[in-house]
Amino acid sequence: MSTNTVYLLLPETVLVLVATAIYLGGAFFKLRDGWTALAIVGLLLAAFALWGQPLSGDASGGAATGSDAATATTSSAHAAVSKNPADNPLIVDRFSQSMRWLILATGLLFVLFFWRSTSRGEAPELVGSLLLIVAGLMIVVLASDLVLLFVGLELVSIPTYVVLYLGRPTHDAASQEATAKYFFLSVLSSALLLYGFSFLYGVAGSTSLFEIYATLSKAAPDARGPAVIAGLALILILAGLGFRITAVPFHFYAPDVYQGTSHGNAALLAVAPKIAGFTALVRVVAVAMPLGAIGWQLALGLSVLTMTVGNLLALWQNNIRRMLAYSSIAHAGYMLIGFSVGLAATSVDAKFLGNLDGLGSLFFYLVVYALATIGAFAVLAYLSGDERQIDGVDELAGLGGTHPWMAAVMAIFMFSLTGLPPLAGFWGKFTLFLGALGVDSAATGPAHNQWKWFVGLAVAGSINAAIAAAYYLRVVGVMYFRSSLTVPAARRGLGAGLVGALCALGVLAASVDPDPLIDQANRASQAARATFAGPAAPADAAAAVTKTAGPQSAPQGTRPHPHNTAALVDRHR
């Protein structure tokens with residue numbers, strides 16, 4: 001490991017060191033709110049360390065701002081990584097940097113969320129585990145090696161077990177059962193994922209994603225061996241990561257675990273594993289494994305199945321955490337729309353939306369989903385008491401009269417998750433469906449009929465959005481059109497209320513002007529694709545791609561081949 005690699009991991013190192021200090025300090029000192037304050041300081045220090053870091057490549061063009069401006073002053077220190085990225089276990093591009101900022105912001109929300117949500121004696125372990133989860137997520141988005149990627153995923157999973165056990169006001173049988181279920185099924189998913197990684201190592205002889213991409217790109221089109229092995233690896237990787245993103249049929253644990261845990265724990269499970277899972281899917285599957293049609297076909301089928309099962313089963317739920325668990329499953333299906341479009345290497349000609357491609361729409365939707373979901377659970381946590389939390393939808397009856405501000409904030413989140421205009425959730429679904437409709441209908445060869453499948457996917461997504469409106473609007477109706485039976489305790493403290501307010505402001509900001517976030521998502525998507533078409537890509541494969549899918553030969557409204565760096569840069573300019 002070079003000194004430059006150590007420098008690039010400085011934000012994650014800061015988080016791990018602060019988490020260790022909190023763990024050790026908690027054994028000797030009893031502080032009321034000091035551990036939360038120290039965790040916030042650690043997140044701010046990590047953000048400061050991240051601000052000046054260079055990028056190893058940026059295919060998106062545009063003026064340098066923020067951390068981009070620092071690239072010019074630190075390019076000499078980063079030259080080794082740029083010249084031969086296969087020798088470095090990290091990928092520091094616009095995609096990874098954007099995701100690291102998102103993860104730090106999410107980590108700050110969760111630290112505030114859990115403020116005073118557990119007994120004073122358990123606070124150090126809870127807060128320290130949250131920081132380790134944030135560090136693990138950041139390692140996942142940086143990893144260009146399968147071993148480091150798996151280490152990052154486990155650094156997310158293992159502290160999550162601790163948080164699930166500690167982050168509940170009363171350690172009853174339900175919380176212990178939820179923790180045990182998540183633990184055993186998480187171990188199973190890790191085993192499946194490792195098995196899939198072993199197939200990739202077998203075909204490439206290396207754990208480097210650059211080497212895996214180069215090997216699969218060099219394979220002859222009629223070489224059945226590498227294709228079969230890559231297909232088996234894809235199935236196992238989708239199964240392993242499908243657990244984390246709650247894709248059907250790997251979703252079955254979520255409703256029971258969400259119902260048996262606290263609002264804060266449910267929010268963590270609804271957001272953090274999805275960030276890890278979809279980031280790993282993009283790195284390993286979408287850009288490092290040239291798969292052909294099998295990739296988008298599997299993703300498309302999973303998308304339809306996941307959002308349909310999630311929405312239909314959510315209709316029958318009275319427990320609000322269980323309902324939001326099925327909602328989380330359905331939203332994983334929506335995000336798989338963007339993933340399948342990204343695998344099909346298509347785009348949509350919509351300049352007013354920043355020419356957002358499938359992966360870009362996935363990133364945008366992930367942000368607006370995270371804001372609305374964390375915010376909804378924060379409102380529920382704020383309204384709960386010290387001994388009993390809100391469990392049923394009916395317990396929100398009359399909230400518009402007893403707590404009008406909380407009811408208004410909750411309505412914003414429900415409307416955004418529904419996808420009602422002009423809220424951010426509408427723009428998220430709009431970009432996903434528009435991307436599916438933008439699949440090239442003029443394509444020839446084996447892909448000439450794929451546009452029909454994506455039109456059907458967009459229709460299925462629209463129908464599911466209409467189904468979802470029934471249970472989201474039911475929550476709003478209960479709050480405003482039913483009489484209050486009991487007044488919610490609202491004793492869970494300032495932290496949850498502050499998180500709800502911040503998330504509501506974020507949703508409103510993305511609703512009023514979604515263009516900056518859409519543009520950032522688009523540039524991150526292009527950078528992620530361009531990374532593997534750099535120096536590690538074989539020259540003959542790159543030349544073949546340029547001949548067949550160059551910017552001059554691509555039909556209007558379509559994006560060039562995802563591994564054609566020159567075409568991507570030329571198109572953006």
Side-chain angles (χ1 to χ4, degrees), residues 106 133 137 140 153 156-157 160-161 163-164 178-193 235-261 263-282 285 298-317 319-340 362 365-370 372-374 376-377 417 425 428 432 461 464-465 467-468 471-472:
T106 305
I133 291 172
L137 289 171
V140 169
L153 289 172
V156 175
S157 296
T160 301
Y161 310 146
V163 174
L164 283 178
T179 304
K181 284 182 178 178
Y182 188 82
F183 170 75
F184 287 114
L185 292 173
S186 180
V187 171
L188 175 62
S189 73
S190 296
L192 291 172
L193 185 63
I235 294 172
L236 291 168
I237 290 170
L238 284 177
L241 296 177
F243 171 87
R244 288 172 168 81
I245 65 175
T246 61
V248 175
F250 315 105
H251 70 291
F252 51 88
Y253 75 95
D256 292 340
V257 173
Y258 282 45
Q259 182 176 352
T261 191
H263 296 305
N265 289 345
L268 182 68
L269 291 178
V271 174
K274 279 188 173 55
I275 294 176
F278 277 108
T279 301
L281 280 174
V282 169
V285 177
L298 281 175
L300 187 148
L302 280 178
S303 174
V304 174
L305 188 62
T306 300
M307 59 185 170
T308 303
V309 170
N311 283 322
L312 288 178
L313 294 182
L315 292 172
W316 311 103
Q317 307 306 318
N319 184 284
I320 193 163
R321 284 190 307 282
R322 195 174 184 89
M323 185 198 79
L324 290 175
Y326 282 113
S327 164
S328 175
I329 294 168
H331 285 286
Y334 297 136
M335 286 181 246
L336 282 169
I337 295 177
F339 182 67
S340 61
L362 188 161
Y365 195 88
L366 183 60
V367 173
V368 298
Y369 160 80
T373 301
I374 295 173
F377 281 114
L417 290 171
L432 288 172
N464 271 277
I467 295 173
Y471 59 86
Y472 289 128

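What's counted below: heavy atoms across the whole structure, side chains too, no hydrogens, waters or symmetry copies.
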Closest heavy-atom pair and its distance - [X], [Y]:
| X | Y | result |
| --- | --- | --- |
| G277 | I245 | CA-CG2, 3.7 Å |
| L268 | P273 | O-CD, 3.2 Å |
| A370 | V271 | CB-CG1, 3.9 Å |
| G338 | L362 | C-CD1, 4.3 Å |

Partners meeting side-chain contact (heavy atoms from CB on, under 4.5 Å) with A267 (sequence neighbours left out) | F110, F113, F377
Those residues that, when tested against V156, pass side-chain contact (heavy atoms from CB on, under 4.5 Å) (two or more places apart) | I133, L137, T160
I'd like to check the side chain to side chain donor-acceptor pair (under 3.5 Å) partners of [X]; sequence neighbours left out, ordered by chain and number.
| X | value |
| --- | --- |
| D256 | K181, R322 |
| T373 | none |
| S327 | Y472 |
| T106 | none |

Is there a donor-acceptor pair closer than 3.5 Å between any side-chain N or O of [X] and the backbone N or O of [Y]?
| X | Y | answer |
| --- | --- | --- |
| Y258 | A270 | yes |
| Y326 | W316 | no |
| T261 | V257 | no |

Can you list every salt bridge (charged side-chain N to carboxylate O under 4.0 Å, His left out) pair that touches [range], not counting sequence neighbours?
| range | value |
| --- | --- |
| residues 238-250 | E154-R244 |
| residues 306-317 | none |
| residues 264-276 | none |

State, without any angle test, whether Y369 and S328 hold a side-chain donor-acceptor pair at a distance under 3.5 Å.
-> yes
Reported OG1-to-CG distance for the pair T279 and L241, which is rounded to 0.5 angstrom | 10.0 Å
When rounded to the nearest 0.5 angstrom, what is the spacing between CZ in R321 and CG in N265?
-> 9.5 Å
Results of ring pair (Phe, Tyr, Trp, His ring centres under 6.0 Å) for Y334 - residues two or more places apart only = H331
Sequence neighbours excluded, which residues qualify as ring pair (Phe, Tyr, Trp, His ring centres under 6.0 Å) partners of F183?
-> Y161
Only pairs under 3.5 Å count here: list side-chain donor-acceptor contacts from residues 299-306, not counting sequence neighbours, and write none if there are none.
| residue | atom | partner | partner atom | Å |
| --- | --- | --- | --- | --- |
| S303 | OG | G333 | O | 2.7 |
| T306 | OG1 | V248 | N | 3.0 |
| T306 | OG1 | L302 | O | 2.6 |

Side-chain heavy-atom pair L193, I237 within 4.5 angstrom cut-off | yes
